[in-house]
There are 2 protein chains.
Amino acid sequence: MSQQRTLVGGPGQPPVGPATSAGHILQLLRSSPAGYSRADLLDITGMARSTLYERLDALFAAGLVYEATPLRSQRGRPPRALRFDDRDKLVLGIEIGHTHAGVHLLSLSRDIVASRRLPIDIGQPQEDVVSRLMEQSRQLLDGRRPVGAGVGLPAPVDPLHRLGLERTVLAHWDLQRLQDVMEASLDCPVLLENDARSMAVGEVRHPFESLVAVKVSTGVGSGIIVRGALVRGAHGAAGDIGHVRVPEAAGRLCRCGRDGCLAAMASGRALLAAPQFAAYRTLRQLVDAYDSDPDVRPAVAEAGRVLGRALAAIIGTLNPGRVAVGGLVGVLPDFLQACRRQILDDAFEPSLVDLEVVPADSRAATAVGLCRLVEESLYAPERVEQMLVQQAG
Amino acid sequence: MSQQRTLVGGPGQPPVGPATSAGHILQLLRSSPAGYSRADLLDITGMARSTLYERLDALFAAGLVYEATPLRSQRGRPPRALRFDDRDKLVLGIEIGHTHAGVHLLSLSRDIVASRRLPIDIGQPQEDVVSRLMEQSRQLLDGRRPVGAGVGLPAPVDPLHRLGLERTVLAHWDLQRLQDVMEASLDCPVLLENDARSMAVGEVRHPFESLVAVKVSTGVGSGIIVRGALVRGAHGAAGDIGHVRVPEAAGRLCRCGRDGCLAAMASGRALLAAPQFAAYRTLRQLVDAYDSDPDVRPAVAEAGRVLGRALAAIIGTLNPGRVAVGGLVGVLPDFLQACRRQILDDAFEPSLVDLEVVPADSRAATAVGLCRLVEESLYAPERVEQMLVQQAG
DNA sequence: GTATTTTTGTCTGATGGTCGATCATAATTG
DNA sequence: CAATTATGATCGACCATCAGACAAAAATAC
């Protein structure tokens with residue numbers, strides 16, 4: 001009858017809360033940019049003072065926490081804010097596209113420090129592309145060592161790198177080798193992820209939201225986040241919407257060899273291939289003619305409309321709270337407008353409740369997402385625990 | 001040098017670590033039908049003998065573990081298998097459809113002990129339907145108390161029961177009240193879930209597989225499991241594919257008030273509404289005429305084809321390893337055949353690698369899935385821990 | 001200036017869960 | 001019978017954690 005819901009700890013009792021390890025305390029601090037005072041932490045975690053201070057000593061020693069300027073207080077000694085020490089820690093975010101790559105240097109707090117954009121040809125041998133990227137990276141780093149690096153790739157990325165990339169633009173790449181080479185070159189852990197999925201992570205605003213991010217540049221891809229969790233799929237191919245069949249594309253040949261694919265209508269490659277745009281050599285040229293060439297806007301709008309139709313199905317199926325559209329083509333106003341309109345037209349009303357269809361936050365959402373993924377991976381509680389053990393030993 | 005571990009993970013990846021609590025030991029035992037000997041457990045967990053025995057004492061005392069017949073051994077004293085005690089524990093699985101309900105009594109090991117099928121009208125007041133279900137349940141139980149019950153509903157089910165059911169068949173239901181009334185009536189915890197999602201859980205064979213289960217009877221619904229995790233969506237509406245727009249249904253009015261919905265083509269309700277089937281009053285009658293009425297099979301096949309088209313999009317997006325099709329209409333051979341063919345035609349090849357499109361395992365997959373969900377919920381490590389604390393106090 | 005308040009810093013001893021080890025017993029095979 | 005393996009029941013030692021005491025620091029209120 002008397003329900004002992006509240007578990008009370010006593011002397012010698014093992015920790016009551018699930019989260020009293022140094023790793024979890026760091027996670028707490030990471031979750032709040034303003035940080036917490038020691039008193040806050042005692043209050044939140046319910047730990048004994050001596051225990052908490054021991055943890056903090058270890059975190060200080062490892063350089064994971066620092067003491068920020070004192071906070072304001074009504075009376076009494078002002079508390080000193082403790083924060084996750086993301087100062088002077090750099091992350092490299094490399095975004096690989098079909099024709100260009102972006103190399104971004106970010107702070108751990110996800111501010112972009114410096115960027116390079118360079119033309120590449122993804123069809124060339126992996127080694128050549130990688131060595132150019134590494135050269136740019138070294139220039140940006142200027143001798144500094146990053147804590148981690150992330151790479152966004154325009155193809156499905158299986159977490160175990162076992163996926164056949166056969167039919168994709170990266171058919172001739174070896175992801176395991178890519179990771180090994182980069183880790184050796186940069187002397188830091190390297191994480192590989194699909195580009196659109198990275199972008200989706202970069203678009204996340206609230207910890208448990210559900211969102212779909214779509215990237216439309218040369219190709220089309222999407223990243224899906226359900227209740228804060230990234231959906232990767234059975235073979236890491238989740239979100240690869242480019243080859244969903246849409247009626248509008250019937251009869252149009254896709255580079256995958258089939259016809260009717262979404263990518264054959266709603267992608268930069270498809271736009272470039274249209275006869276009226278034969279004069280444009282690159283997607284960038286075409287996009288730049290958005291205002292000057294009267295043919296561009298209608299074509300872009302039509303592409304957006306088709307994408308909207310396909311997205312409506314995903315929205316009905318997965319019920320996200322937000323759709324972010326990015327990429328060179330995706331951010332064009334007419335594209336987004338047509339896409340949004342078609343979604344509102346096609347999707348079932350209950351799934352449209354509170355649904356936002358918005359442009360992707362910034363051109364660098366992918367790099368920001370990669371930075372976040374790297375941070376999550378590097379400073380996951382278990383990993384922090386390992387780090388501290390190594391330090392001590 | 002820096003020790004570099006491969007980075008896997010990011011937001012949404014649950015932590016993995018050694019677990020030595022009683023709850024985790026029970027989970028270990030639950031995962032193996034044959035059970036483990038004490039020596040096995042010492043080996044697997046690496047715990048001290050005294051500690052492990054203490055845990056086992058508690059689990060024995062709570063009736064959660066029992067000692068099975070001795071196992072084989074090459075020499076020496078034969079080990080005694082310890083198993084999760086699922087004997088004499090009953091779970092009630094109630095499947096609510098538009099016109100019929102199935103009440104199933106299952107053992108915790110998911111064998112069906114007894115079943116009842118009864119006609120209901122989901123349009124009637126909730127209290128009336130529920131009281132009939134409870135009556136049937138009491139008859140099946142015959143005085144015994146179940147450890148838990150699960151209800152599969154043909155509508156989106158928000159875990160917090162906050163979702164507006166406005167536009168669904170359950171518009172006049174109150175899920176919180178349903179749960180409260182049933183818990184009081186059955187004197188056990190009650191879990192509510194969408195029917196197709198329950199079915200998906202019932203179809204799971206391997207712990208980390210990805211699959212999509214589709215239920216086609218009066219309505220259409222689906223359940224999505226990604227790497228072993230059920231996808232519920234932002235408002236619990238994930239998998240509600242009935243109102244995805246398909247070109248084939250253009251001009252056809254759906255009961256949701258729009259036109260072009262998948263449910264307006266590929267559902268039992270849509271079939272029944274077709275002019276050539278005006279003679280049939282119920283879906284069951286129509287399905288029973290599958291062999292005798294020459295009009296039925298083509299119509300069913302066409303419905304399957306349309307579903308296949310919609311599924312191809314989901315398959316491309318989520319990249320599951322298996323698609324299971326069930327429900328009164330879904331299991332018809334021509335339906336499945338047409339659906340499978342259309343999927344193979346429409347979906348992108350990489351997402352078809354190793355993809356199986358199969359009929360749902362049994363008519364009772366939903367009940368089996370509910371049973372599994374109830375078990376997972378009842379015997380989750382944290383909950384077991386609570387249970388033991390209460391026992392002790 | 002003093003009083004008050006709140007945070008921080010540094011101890012202490014007490015508790016109890018976990019380990020590791022020992023010794024004993026049981027139940028098989030050969 | 002011996003050898004082997006699993007189980008049963010202890011025990012003391014360790015040590016992470018707790019609770020609490022005490023003092024100093026740094027601000028506000030009067």
Side-chain angles (χ1 to χ4, degrees), chain A residues 6-25 29 32 34-61 65-83 381 384-385 388-389 392-393, chain B residues 17-25 29 32 34-61 65-83 381 385 388-389 392-393:
Chain A
T6 340
L7 303 177
V8 195
Q13 231 87 0
V16 159
T20 63
S21 74
H24 283 97
I25 289 169
L29 291 176
S32 161
Y36 291 109
S37 71
R38 293 167 174 83
D40 288 338
L41 291 176
L42 283 175
D43 210 35
I44 296 172
T45 65
M47 300 166 72
R49 177 185 295 268
S50 43
T51 313
L52 174 67
Y53 276 45
E54 208 165 87
R55 298 284 144 80
L56 290 178
D57 283 347
L59 289 172
F60 272 114
V65 161
Y66 74 105
E67 204 164 78
T69 50
L71 299 170
R72 79 268 171 259
S73 72
Q74 300 305 334
R75 326 150 62 79
R77 175 172 177 170
R80 323 247 284 260
L82 302 180
R83 293 205 194 130
V384 168
E385 225 65 36
L388 297 180
V389 170
Chain B
T20 62
S21 75
H24 283 96
I25 289 169
L29 292 175
S32 162
Y36 291 109
S37 71
R38 292 166 174 84
D40 287 339
L41 292 176
L42 284 173
D43 210 36
I44 295 171
T45 64
M47 301 166 73
R49 177 187 294 270
S50 45
T51 313
L52 175 65
Y53 277 41
E54 208 165 90
R55 299 284 144 81
L56 290 178
D57 284 347
L59 290 171
F60 272 113
V65 161
Y66 73 105
E67 205 163 75
T69 51
L71 298 170
R72 80 293 160 241
S73 71
Q74 299 304 334
R75 336 151 53 82
R77 176 173 175 170
R80 311 226 226 142
L82 301 180
R83 292 203 196 134
E385 225 65 37
L388 297 180
V389 170

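All values below come from the heavy atoms of this structure, side chains included, with hydrogens, waters and symmetry mates left out.
In the region residues 48-57 of chain A, proximity to DNA chain D at under 4.0 angstrom, judged on heavy atoms, holds for A:Ala48, A:Ser50, A:Thr51, A:Arg55.
Evaluated for a side chain to side chain contact (heavy atoms under 4.5 Å, CB included) with A:Ile25, the options A:Ile44, A:Thr20, A:Leu52 yield exactly one hit, A:Leu52.
Counting only heavy atoms from C-beta on, A:Arg77 has its side chain closest to D:dA24 among D:dG8, D:dA27, D:dA24. With distances taken from any side-chain atom of B:Arg75 to the nucleotides D:dG8, C:dT29, D:dC18, the minimum falls on C:dT29.
Taking atom CG on A:Asp43 and atom C1' on D:dA19, their separation rounds to 16 Å, with Å as the unit. What separates CE of B:Met47 from C1' of C:dA21 is a distance of 17 Å, to the nearest Å. In this entry the distance linking CZ of B:Arg38 with P of C:dT25 reads 18 Å, nearest Å. Atom OH of A:Tyr36 is separated from atom C1' of C:dT7 by 18 Å (rounded to the nearest Å). Between B:Arg80 atom CZ and C:dT25 atom C1' the separation is 12 Å, expressed in whole Å.
Nearest-nucleotide positions on DNA chain C for A:Asp40 and A:Gly76 put A:Gly76 closer to the 5' end.
Residues satisfying the side-chain contact (heavy atoms from CB on, under 4.5 Å) criterion with A:Ala39, sequence neighbours excluded, are A:Ser37.
A:Ser21 and A:Arg55 make their closest contact through CA-NH1, 3.7 Å (heavy atoms, listed as atom of the first residue, atom of the second, distance). Between B:Arg38 and B:Leu56 the shortest heavy-atom distance is CG-CD1, 4.0 Å.
Between B:Asp43 and B:Tyr36, every side-chain heavy-atom pair lies at or beyond the 4.5 Å cut-off. Contact check for B:Glu67 versus B:Leu82: side-chain heavy atoms found under the 4.5 Å cut-off.
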